[in-house]
Enquirer: 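Below is one structure. I have some questions about it.
We count ligands from 1, going down the list as the structure has it; atoms in each ligand are counted the same way. Atom set for the values below is all heavy atoms of this structure, side chains included, hydrogens, waters and symmetry mates excluded.
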Amino acid sequence: MPSSPRLAAIQTIQQRTTPPTPPIQKLDELWASDVFSLDKMKAALPKEIFKSVQRTIREGSKLDVSVANVVAQAMKEWATSRGALYYSHVFYPLTNSTAEKHDGFISPQGDGTAITEFTGKVLVQGEPDGSSFPNGGIRSTFEARGYTAWDITSPAFLMETPNGVTLCIPTVFVSWTGEALDKKTPLLRSNAAVDAQARRLLKMLGEKEIAPINSSCGAEQEYFLIDSAWLPLRSDLLLAGRTLFGRSSAKGQQFDDHYFGAIPERVQVFMQEVERQMYRLGIPAKTRHNEVAPSQFEIAPFFEAANVATDHQQLTMTILRSTAKKHGLACLLHEKPFAGINGSGKHVNWSIGNATQGNLLDPGNTPHENLQFLLFCGAVIRGIHLYGPLLRAAIATASNDHRLGANEAPPAIISVYLGSQLEDVFRQIREGRLSGSAIGGVMNFGVQTLPEFAKDPGDRNRTSPFAFTGNRFEFRAVGSNQSVAGPLVVLNTVLADSLAWIADQLQIRLNAGSPLDAAALAVLQDVMTQHGNVVFGGDGYSSEWHRIAVEQRGLENLRTSADALPVLKRDNVRELFERTGVLTPVELESRYEVYSEQYVLAIEVEAKLAVQIARTQVYPAAMRYLGELAGSLQLQSSMGLQVSPDTQQQVAAHSQALMDVAGQLQDAIDHPPHGTEAHVRHCADVLLPLMGRLRQAVDGLEALVDDNLWPLPSYQEMLFLR
Ligand code: ADP
Ligand code: MG
């Protein structure tokens with residue numbers, strides 16, 4: 001029998017009953033019922049006003065104050081009719097989290113009564129005190145003003161808690177001086193950049209009618225689900241989101257019996273409630289299944305416009321966490337909650353397209369479309385080659401470092417997987433011999449030589465961080481706990497930049513009298529000669545690739561965040577963001593500071609917890625066990641039994657190591673170096689290795705100490721008892 005708090009947790013878990021299920025509702029009753037959607041607006045707004053709102057959403061035209069006033073009135077009426085007393089500007093600070101400031105609709109009157117009030121001005125703009133949000137030095141606290149401004153392209157919605165309803169308005173968050181303090185503003189700017197450059201290229205290809213171009217995103221979310229009764233007994237899970245100690249369970253994922261297995265009933269009940277809430281909020285939840293590790297699952301929505309998908313992804317994480325609580329479960333979104341089994345990622349499926357030309361990364365099957373596709377795909381290849389390290393930096397967090405390159409997630413080397421057919425096409429382009437030399441001279445490509453694409457032009461490659469999957473790219477290195485905004489901003493920005501480059505090059509060749517097809521293929525050949533090295537179709541997990549990538553291909557392997565974050569300070573990155581209008585140098589610098597600070601804070605919290613758990617929970621248990629051992633050795637020898645003091649010696653040795661390393665770790669925590677970059681390095685190079693050594697001592701003890709005395713729930717209990 002395990003020690004009593006663990007025993008109590010086991011009893012709690014065994015007595016759990018399924019929470020009452022709400023009445024079954026049909027999809028059309030559920031769908032977007034809590035969203036102030038376009039059709040609700042259409043019904044509530046005068047025709048002209050609605051048209052103006054639509055124009056703003058579709059074409060990005062300015063929203064007029066008089067229009068905003070009418071919209072605010074309709075929105076308030078809808079929300080209050082549903083019981084909302086408060087509204088909230090929701091924004092996305094640089095911390096990967098969601099922030100809210102709530103205000104009442106209430107307006108007290110002179111005669112002692114109260115009415116509700118909500119004007120266009122408060123709909124469009126809010127002013128939360130922004131001083132406590134990390135800003136990387138953009139503002140000093142004495143000029144703490146931060147403004148939120150309504151992002152009309154992302155619909156307002158209702159958040160229901162057990163005894164209240166709040167109207168939520170998605171917003172951007174900017175400083176008094178106009179700098180972006182959030183993740184949404186750059187995302188919107190990066191979309192505008194892609195729109196401008198893609199439009200320019202499409203025009204050069206002869207397109208006349210071009211609807212606004214937008215990026216799209218479908219984000220697959222992996223997560224762990226364990227019983228919440230374990231949390232109070234594991235302060236590491238509770239406060240750091242991952243276990244800092246714990247021996248692997250005898251049974252892990254080696255049987256592959258969990259992946260796509262039958263979903264346990266308790267989990268399915270949880271998932272269904274999550275999906276119901278998502279549907280009410282207009283989030284198109286689409287797939288659910290077990291993942292590789294025990295107690296690991298995945299949920300994926302149907303893709304949406306990147307901006308809306310990003311807001312919906314943040315909401316999805318919130319819903320997962322809060323619903324888990326209601327079900328006596330804990331949803332762990334950390335990238336590596338348990339050592340020794342797979343961690344969790346968030347695959348970001350990304351493309352760009354519009355209403356007139358469709359998906360611009362769809363190969364289609366007519367040669368004309370193929371040329372367009374090849375140029376857009378070439379732009380992606382060029383962008384990823386030039387700015388792979390930036391893409392790596394965009395997903396650099398303390399927690400995501402645990403999975404990248406750990407044979408369960410793609411390596412930290414950013415390469416592009418195209419699938420065999422496309423890889424072959426681009427190889428031919430590089431060699432200047434597309435479809436053989438049917439037409440003759442090396443540069444003499446005719447449209448008729450362009451290949452037709454099969455719909456599924458390649459196999460899947462799960463070892464690639466960035467893979468083409470038929471009509472989109474899948475960025476597989478994003479962490480489960482991260483906002484998808486950062487990676488999307490980088491993808492859109494590098495694409496916009498490369499499209500601009502391609503359009504420039506094309507123009508030069510057209511001006512020199514080259515026909516369009518030949519010019520396009522020549523530009524593509526240049527792209528492939530300069531950037532083809534980033535294309536890789538082999539095993540990304542292999543050590544061979546790690547060597548070749550760096551030594552022969554010249555790609556960077558930025559293993560840790562400490563290596564990756566300084567990329568944000570490179571000149572070419574600063575120039576990229578400035579040129580595309582996505583981030584000013586000040587905004588970029590602030591992001592470096594904030595992300596570095598987040599990294600340091602995360603590791604310092606873990607280090608402090610590790611010392612605390614080791615000293616106050618594990619060491620005392622080891623000492624108690626040593627006492628017991630001493631007693632029983634005495635007893636046994638008095639009975640004339642041959643006894644071995646082996647265990648005693650091992651426990652003593654691990655305990656000694658534990659106290660030594662804990663002392664060193666505490667000392668290292670207490671004496672960080674000055675300066676951001678040095679502090680980050682100190683965490684990566686000093687604190688993390690010491691934590692690793694501390695873990696060895698603690699996990700060594702877990703293998704020896706009497707299970708009755710062991711204070712921490714084991715991996716086996718947490719992963720298999722539910
Ligand atoms: P898999 O696990 O095989 O990668 P899933 O079906 O779980 O595939 O996820 C694929 C994701 O890609 C879904 O969210 C899907 O909607 C999304 N997706 C499909 N087409 C596009 C596109 N054009 N742009 C962005 N995302 C897309
Ligand atoms: Mg996937």
Enquirer: Enumerate the atoms of ligand 1 whose separation from the nearest heavy atom of F302 is less than 4.0 angstrom.
Expert: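 Under 4.0 Å from F302, ligand 1 has these atoms: 16 (O).
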
Enquirer: Please identify which atoms of ligand 1 are closer than 4.0 Å to at least one heavy atom of G218.
Expert: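 Numbered from 1, ligand 1 contributes 14 (O), 25 (C), 26 (N).
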
Enquirer: Just checking, is any N or O donor in the side chain of S351 or N359 under 3.5 Å from an acceptor N or O on the other one?
Expert: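 A donor-acceptor contact under 3.5 Å links the two side chains.
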
Enquirer: Please confirm whether F373 and F468 have ring centers closer than 6.0 angstrom.
Expert: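 Between F373 and F468, the centre distance is under 6.0 Å.
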
Enquirer: Report yes if E220 has an N/O atom closer than 3.5 Å to an N/O atom of ligand 1; otherwise report no.
Expert: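 So ligand 1 has an N or O lying under 3.5 Å from an N or O of E220.
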
Enquirer: Under 4.0 Å, heavy-atom basis, I'd like to know which part of E474 is in contact with ligand 1: side chain, backbone, both or neither.
Expert: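 Only the side chain of E474 comes within reach of ligand 1.
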
Enquirer: Does the plane of the ring in F466 sit parallel, tilted or perpendicular to the ring in F475? Use 30° and 60° as the thresholds.
Expert: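 The rings of F466 and F475 stand perpendicular, inter-plane angle above 60°.
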
Enquirer: Is the ring pair H327/F270 parallel, tilted or perpendicular, if the boundaries are 30 and 60 degrees?
Expert: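 Judged by the thresholds at 30° and 60°, the geometry between H327 and F270 is perpendicular.
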
Enquirer: Is N359 touching ligand 1 with its side chain, its backbone, both, or neither, if touching means heavy atoms under 4.0 Å apart?
Expert: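 Just the side chain.
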
Enquirer: Who passes side chain to side chain contact (heavy atoms under 4.5 Å, CB included) against N354, sequence neighbours left out?
Expert: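 For N354, the residues satisfying side chain to side chain contact (heavy atoms under 4.5 Å, CB included) (neighbours in sequence not counted) are I210, A211, I213, T356, Q357.
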
Enquirer: Atom 13 (C) of ligand 1: which of S351, P301, A300 has the nearest heavy atom?
Expert: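 Heavy atom nearest to atom 13 (C) of ligand 1 belongs to P301.
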
Enquirer: Backbone or side chain, does any N or O of C217 fall under 3.5 Å from an N or O of ligand 1?
Expert: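 It does not: no N or O of C217 is found under 3.5 Å from an N or O of ligand 1.
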
Enquirer: Does any N or O in the side chain of R392 come within less than 3.5 Å of the main-chain N or O of A477, such that one atom is a donor and the other an acceptor?
Expert: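 It does not hold such a pair.
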
